[in-house]
Amino acid sequence: MKERIEKLLAEIEELKAQKEQEIEEIRIKLIGKKGVVTQLFDEFRNVMPEEKKELGQILNKLKVSATAKIEELRQLLENEPQAAESEYDLTKPGDRLELGARHPISITRSEIISIFNKLGYAVAEGPEIEDDWHVFGALNFPPEHPARDMQDTFFMSTGVNPVLLRTHTSSVQVRAMEQMKLPIRVVCPGRVSRNEAISARAHCIFHQVEGLYIDKNVSFADLKQAVLLFAKEMFGENVQIRLRPSYFPFTEPSAEVDVSCNICGGKGCNICKGTGWLEIMGCGMVDPNVLESLNIDSKEYSGFAFGMGVERIAMLKWQIRDLRLYFENDIRFLKEFQTSV
Ligand code: DAH
């Protein structure tokens with residue numbers, strides 16, 4: 001009997017269970033009404049009195065360890081997370097990653113740049129936080145020019161050559177003339193800031209692409225040809241351009257460029273306000289004063305410059321009526337511009 005008990009004790013040590021039901025079976029087998037331990041207790045009644053003390057002790061030990069083992073198996077099972085009850089369902093399909101799209105301003109900027117790349121223009125970039133000299137001084141703005149007004153320009157310091165947020169990327173043209181070897185043929189894309197009240201037609205930040213071409217014998221006819229080629233690439237082969245005399249401190253003569261309205265084909269609609277024409281950029285021949293202030297001999301060299309607002313071109317391209325849409329990042333708006341560009 002002693003040997004059977006010891007063998008059972010060893011077996012109990014090794015017991016394992018994965019399910020509630022298995023534990024119940026073990027319990028019945030060991031300490032159930034007809035279980036082995038219960039049977040041993042029955043047999044114990046008949047053992048010789050001199051053996052009772054020793055056997056009684058190990059028999060009790062057997063019952064205690066059988067009960068303890070069953071309890072231990074129950075605890076283990078309870079603490080172990082059940083696959084079916086787990087909060088993670090590993091068989092579920094994963095979350096889909098939504099593919100983003102390029103912003104309409106980025107798409108339009110790339111398109112403008114690639115048109116001018118084809119015409120031989122390189123890209124030049126410069127700082128958004130600039131000084132007065134690069135934004136105004138070198139571009140022939142007299143000291144009292146209203147563009148320098150606090151109402152128009154965000155100044156970041158005062159003094160002789162104050163630091164400010166550039167109001168146009170013409171400052172990059174100045175940097176190109178300071179740094180590059182002649183001839184120069186560049187486009188300057190970038191963000192600009194002006195102290196404007198935000199509305200459907202104006203914002204305090206927007207984007208420009210400006211261009212500059214300086215070489216010997218550059219004429220107004222070359223400027224007109226470059227502008228026409230750009231307009232055709234951007235708005236279609238049938239587009240027409242018109243140049244209206246204008247004024248910029250850094251160009252002389254200066255002009256505003258209109259394209260025939262791509263909505264009504266020039267007949268007149270509410271987009272072109274009945275005129276048949278849409279304004280797209282400013283341009284002109286670089287003022288000799290600008291060339292001279294940057295140590296370029298204006299007797300030998302001449303050049304033209306132009307500048308356009310990217311938001312405006314995108315508005316005309318897609319008939320976007322409110323400038324604020326570009327900055328609000330409403331996904332419903334951005335999703336309309338799925339493109340591979
Ligand atoms: N800088 C002008 C503006 O921000 C646009 C412009 C006009 C740029 C004529 C030029 C230019 O380079 O020649 O309104």
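In this chain, numbering begins with 1 at the start of the sequence shown. First listed ligand is number 1; within each ligand, the first listed atom is number 1.
- Contact annotation for Gln173 and ligand 1: only side-chain heavy atoms (C-beta onward) come within less than 4.0 Å of the ligand.
- Considering only non-hydrogen protein atoms, atom 11 (C) of ligand 1 sits nearest to Phe250 CE1, 3.5 Å.
- The N/O atoms of Thr167, backbone and side chain alike, include none that comes under 3.5 Å of an N/O atom in ligand 1.
- Proximity of Gln208 to ligand 1, defined as any heavy-atom pair under 4.0 Å, is confined to the side chain (atoms from C-beta onward).
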Checklist line | salt bridge (Lys or Arg N to Asp or Glu O under 4.0 Å) between Glu279 and Arg244, worked out | finding: CA-CA 10 Å; Glu279 187 184 316; Arg244 282 179 289 115; 3.4 Å; yes
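- A donor-acceptor pair is defined here as one N or O able to donate and one able to accept, closer than 3.5 Å; such a pair exists between the side chain of Arg166 and the backbone of Gly126.
- Of all atoms in ligand 1, listed by their number and element, those nearer than 4.0 Å to a heavy atom of Gly282 are 7 (C), 9 (C), 11 (C).
- In this structure, His168 has its ring center no closer than 6.0 Å to that of Phe248.
- In plain terms, the two heavy atoms of Leu119 and Ala226 that are nearest each other are CD1-O, 4.4 Å.
- Close contacts between ligand 1 and Thr251 involve ligand atoms 13 (O) [criterion: under 4.0 Å to a heavy atom].
- With ring centers used as reference points, His145 lies 6.0 Å or more from Phe136.
- Between Phe248 and ligand 1, no N or O atom pair is found at a separation short of 3.5 Å.
- Across every non-hydrogen atom of Leu73 and Lys16, the tightest pair is CD2-CA, 4.0 Å.
- Note that Lys317 lies outside the cation-pi zone of Phe235, set by a 6.0 Å cut-off to the ring centre and a 45° limit from the axis.
- Each of the atoms 13 (O) of ligand 1 lies under 4.0 Å from some heavy atom of Gly284.
- Only the side chain of Arg194 comes within 4.0 Å of ligand 1, judged by heavy-atom distances.
- Regarding atom 5 (C) of ligand 1, its nearest protein heavy-atom neighbour is Glu210 OE2, 3.7 Å.
- An N or O contact shorter than 3.5 Å links Ala305 to ligand 1 by distance.
- Close N/O approach between Ser170 and ligand 1 is found [any backbone or side-chain N/O within under 3.5 Å].
- In this structure, the side chains of Tyr121 and Val209 stay at 4.5 Å or more apart for every pair of heavy atoms.
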